[in-house]
Student: 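Encoded as C-alpha cells, here's the structure I'll be asking about.
In what follows, chains carry the letters A, B, and so on, assigned in the order in which the sequence lines appear, proteins first and then strands, with residues in each chain numbered from 1.
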2 protein chains.
Amino acid sequence: MTTNPRNDVNNGVKVQTRAKERERIVRAADSVDRVYAAIKEFAIDYRFRPGEKINEVELATELGVSRTPVRAALNRLQRDGFVASVPNKGFYARELTPEAVRDLYELRAAIERAAFVLACERATDTEIQATVDAWTKHSSLKGEGSWAKVAVADESFHMALTQLSKNAQMVNALEGLCSRIRFFRRIDLESMPRRSHSYQEHEAIIDALRRRDAAGGAALVEKHITLSSAHAMEVAARGLARIFFGTTA
Amino acid sequence: MTTNPRNDVNNGVKVQTRAKERERIVRAADSVDRVYAAIKEFAIDYRFRPGEKINEVELATELGVSRTPVRAALNRLQRDGFVASVPNKGFYARELTPEAVRDLYELRAAIERAAFVLACERATDTEIQATVDAWTKHSSLKGEGSWAKVAVADESFHMALTQLSKNAQMVNALEGLCSRIRFFRRIDLESMPRRSHSYQEHEAIIDALRRRDAAGGAALVEKHITLSSAHAMEVAARGLARIFFGTTA
DNA sequence: AAATCACAAAGTGAGTACACTTTAGAAGGT
DNA sequence: ACCTTCTAAAGTGTACTCACTTTGTGATTT
C-alpha cells in the first residue's frame with residue numbers, strides 16, 4: 001500500500017476558466033466521482049489486501065484530495081460490497097473467501113440465466129445480430145489478444161447479452177456483480193485449459209438465442225458460468241497467491 | 001415534504017457519560033447509520049416523491065444533524081438505488097415507472113428461483129422445518145393480521161427461504177431488492193383478490209422443497225413472484241395514486 | 001513477572017466555513 | 001411583449017477544525 005503509491009487522480013483537474021476577464025482556479029466539483037473510480041479500481045484488483053484497514057488520511061493524501069470526497073466514495077463502495085465499515089474504526093477492504101467466489105458466480109449465473117430467458121422473448125433479430133457481430137469482432141483477434149483483452153471481450157459479451165433482456169435492473173445488478181468478480185474472472189480465464197472452450201460455449205448460447213430456445217439456452221448459460229465449489233476454491237487460492245506473492249500461477 | 005416534518009431521528013442521542021468525574025455531552029458517533037435508516041425509510045415509502053430534488057440542508061435540519069452525515073447517507077442510498085446524484089445539482093429521489101416495477105420483480109424472481117434450487121440441495125430437513133414453522137406461526141394469524149403484518153410475514157418467509165440456499169450474496173442482493181420493492185409489494189398484497197391465494201402458493205413451494213423438487217419448485221417460485229407487465233402497470237399506477245393523493249385504492 | 005492503569009498518539013466522526021454553481025427574478029434592451 | 005443580461009439568493013462541493021474513540025506503550029501495583 002504505502003510502498004505502492006497510487007496514481008494521482010487529480011491529473012489535469014485544476015481547470016482554468018475565465019470569469020470577469022480574470023482566470024481563476026476552479027474547484028474540482030466531481031472529486032467524488034474520480035476518487036470513487038480510483039478507489040474502486042484499487043478494490044477490484046485487490047490492491048487493498050483482503051480485510052485490510054483503509055486509512056482515510058493516507059488515501060486522501062495519495063489521491064491529492066481531502067478526506068471528505070474519500071469518505072463519500074467509501075460510503076458508496078460500502079454498498080457496492082467493496083468495503084465494510086465499522087463504527088469508530090473506519091473502513092475495511094472486502095474479504096476473499098472461496099464461499100464468496102462461489103456465491104458471486106452463482107448469483108451471476110442466476111441473473112444472466114434469467115436475462116437470457118427474457119432476451120429470447122424480447123430481443124429482435126436485428127439486436128441479436130448486432131450483439132453477435134460485436135462478439136465475433138472481438139473474438140476475431142482470438143489468437144493475438146492478451147488475457148486482459150480476452151477478459152474484457154468476454155465480459156462485454158455477457159453484458160451485451162444481458163442487455164437484450166431489456167431489464168435495466170438486471171443489467172445494473174450484473175454490472176456491480178461483474179466489477180466484484182472481475183479479479184476472479186481474469187484468473188479463471190487465464191487458468192483455462194483452452195481458450196476455445198469458452199468460445200464454443202458462447203457460440204452455443206448464441207445459437208440457442210437465435211432459435212429462441214429459452215430453456216436450452218438457460219441451461220447452457222448456467223453451466224457456462226457456474227463454478228464448482230472446488231473450482232471456486234482453486235480460483236480463490238490463486239487469487240490469494242497473486243495478491244500476496246504477485247505470482248501468476 | 002416541508003409540510004410533512006420528518007421525525008427527529010436524534011431522539012435520545014445526546015447520551016451522557018461520565019469522564020473524569022464530570023458528565024459531558026458525547027457525540028453521536030453513528031449519526032450516519034441512523035440518518036441512513038431514517039432517509040431510507042422515507043425513500044422506501046416514497047415519501048420523497050418520484051424524481052423530487054432532495055434538499056440537503058432541509059433534510060439535515062429536520063433530522064437534527066449537519067449536512068455531513070446526510071450526504072454520507074445519500075451516497076450510500078445512491079448505490080442502493082434510492083437516489084440518483086447529478087453533479088453540482090444534488091440528489092434526486094428514485095423514479096417510479098411500470099418498467100422499473102416489472103424489472104425489479106423479474107430480478108427478484110431470478111434470485112429467489114436460483115436460491116430455491118440451491119436450497120433443495122443444501123438445506124437440511126431440520127432447517128426446512130424451522131423455516132416452515134416460522135411461516136406457519138406467522139400465517140396462523142391469517143385472519144386478524146393487518147395488511148402491513150401480512151406483508152412483513154410474506155417478506156420474511158421469502159427471505160428465510162432464500163437463506164436456505166446458503167448463498168450470502170443472494171441473500172444480500174435480495175435484501176436490497178426487497179427494500180426497493182416493499183412499497184409495491186404492500187400495494188400488490190392489498191389488491192389481491194384473496195389472501196389465501198398467496199398462502200396456497202407458499203404451501204406448494206414448501207412442498208416442493210421438502211420433496212427436493214428443484215425444477216418444479218423453481219417454476220412455482222418464478223410464477224409466484226413474477227408480475228405481468230399489465231399487473232406491474234397497475235401496481236405502479238396505484239402507487240402513484242397513493243403517493244400523490246394518499247388514496248388506498 | 002504479570003496484570004492493570006494511565007497517558008499519549010493516531011485516526012475517525014461530525015460540524016463549520018467558504019468558494020463555486022445553479023437558479024430565479026429584476027432590469028434593461030430590442 | 002419577449003428575449004437577453006445582470007445580480008442576488010439559495011444550494012452544492014470540498015477543505016478544515018475539533019472532539020471523541022481507539023490503540024499502543026510505558027509506568028505502577030500486586
Student: Consider the side chain of B:Arg71, meaning its heavy atoms from C-beta on, and name the nucleotide among C:dG15, C:dA14, D:dG13 that approaches it most closely.
Tutor: D:dG13
Student: Could you work out which one of C:dA14, D:dG13, C:dT12 sits closest to the side chain of A:Asn55?
Tutor: C:dT12
Student: Would you kindly check whether a donor in the side chain of A:Ser31 faces an acceptor in the base of D:dG13, or vice versa, at under 3.5 angstrom?
Tutor: no
Student: For residues 153-179 of chain A, pull every pair meeting salt bridge (Lys or Arg N to Asp or Glu O under 4.0 Å), keeping only residues two or more places apart or in separate chains.
Tutor: A:Glu127-A:Lys166, A:Asp154-A:Arg185, A:Glu155-A:Arg182, A:Glu155-A:Arg185
Student: So which pairs with a foot in residues 149-181 of chain B pass ring pair (Phe, Tyr, Trp, His ring centres under 6.0 Å), sequence neighbours left out?
Tutor: B:Trp135-B:Phe157, B:Phe157-B:His202, B:His158-B:His202, B:His158-B:His224
Student: The criterion is side-chain contact (heavy atoms from CB on, under 4.5 Å); which residues satisfy it with B:Ser156, sequence neighbours excluded?
Tutor: B:His138
Student: Let me spell it out: for each of B:Gly90 and A:Ser66, pick the nucleotide of DNA chain D with the closest heavy atom. Which residue's pick is nearer the 5' end?
Tutor: B:Gly90
Student: Could you tell me the separation between the CD atom of A:Glu56 and the P atom of D:dA15, rounded to a whole number of Å?
Tutor: 14 Å
Student: With a 4.0 Å cutoff (strictly under), does any side-chain N or O of A:Arg67 reach OP1 or OP2 of D:dC16?
Tutor: no
Student: Please report, rounded to the nearest Å, how far the P atom of D:dC20 is from the CG atom of B:Asp30.
Tutor: 15 Å
Student: Distances for protein N/O vs nucleotides 22-24 of chain D N/O pairs under 3.5 angstrom?
Tutor:
from: D:dT23; atom 1: OP1; to: A:Lys89; atom 2: NZ; distance (Å): 3.1

Student: Dot-bracket, 5' to 3', for DNA chain D please: Watson-Crick or G-U pairs under 3.5 Å, [ ] where pairs cross earlier ones, | where the partner sits on another strand, dots elsewhere.
Tutor: ||||||||||||||||||||||||||||||
Student: Could you give all pairs that pass the ring pair (Phe, Tyr, Trp, His ring centres under 6.0 Å) test and reach residues 54-78 of chain B, with sequence neighbours left out?
Tutor: none
Student: Take atom CD of A:Glu52 and atom P of C:dG11, then tell me their distance rounded to the nearest Å.
Tutor: 13 Å
Student: Kindly say if A:Lys53 contacts the phosphate of C:dT12, meaning a side-chain N or O under 4.0 Å from OP1 or OP2.
Tutor: yes
Student: Going by the rule side-chain contact (heavy atoms from CB on, under 4.5 Å), which residues pair with A:Gln78 if we only count those two or more places apart in sequence or in a different chain?
Tutor: A:Asn75, A:Val83, A:Ser85, A:Phe91, B:Arg76
Student: Which residues pass the ring pair (Phe, Tyr, Trp, His ring centres under 6.0 Å) test with B:Phe184, not counting sequence neighbours?
Tutor: B:Tyr46
Student: Can you tell whether the side chains of B:Glu190 and B:Arg186 come within less than 4.0 Å, N to carboxylate O?
Tutor: no
Student: Between the side chains of A:Arg122 and B:Glu106, is the shortest nitrogen-to-carboxylate-oxygen separation below 4.0 Å, so that they form an ion pair?
Tutor: yes
Student: Between B:Tyr36 (OH) and C:dA14 (P), how many Å, whole number?
Tutor: 15 Å
Student: Who pairs with A:Met233 by side-chain contact (heavy atoms from CB on, under 4.5 Å), at least two apart in sequence or on another chain?
Tutor: A:Pro98
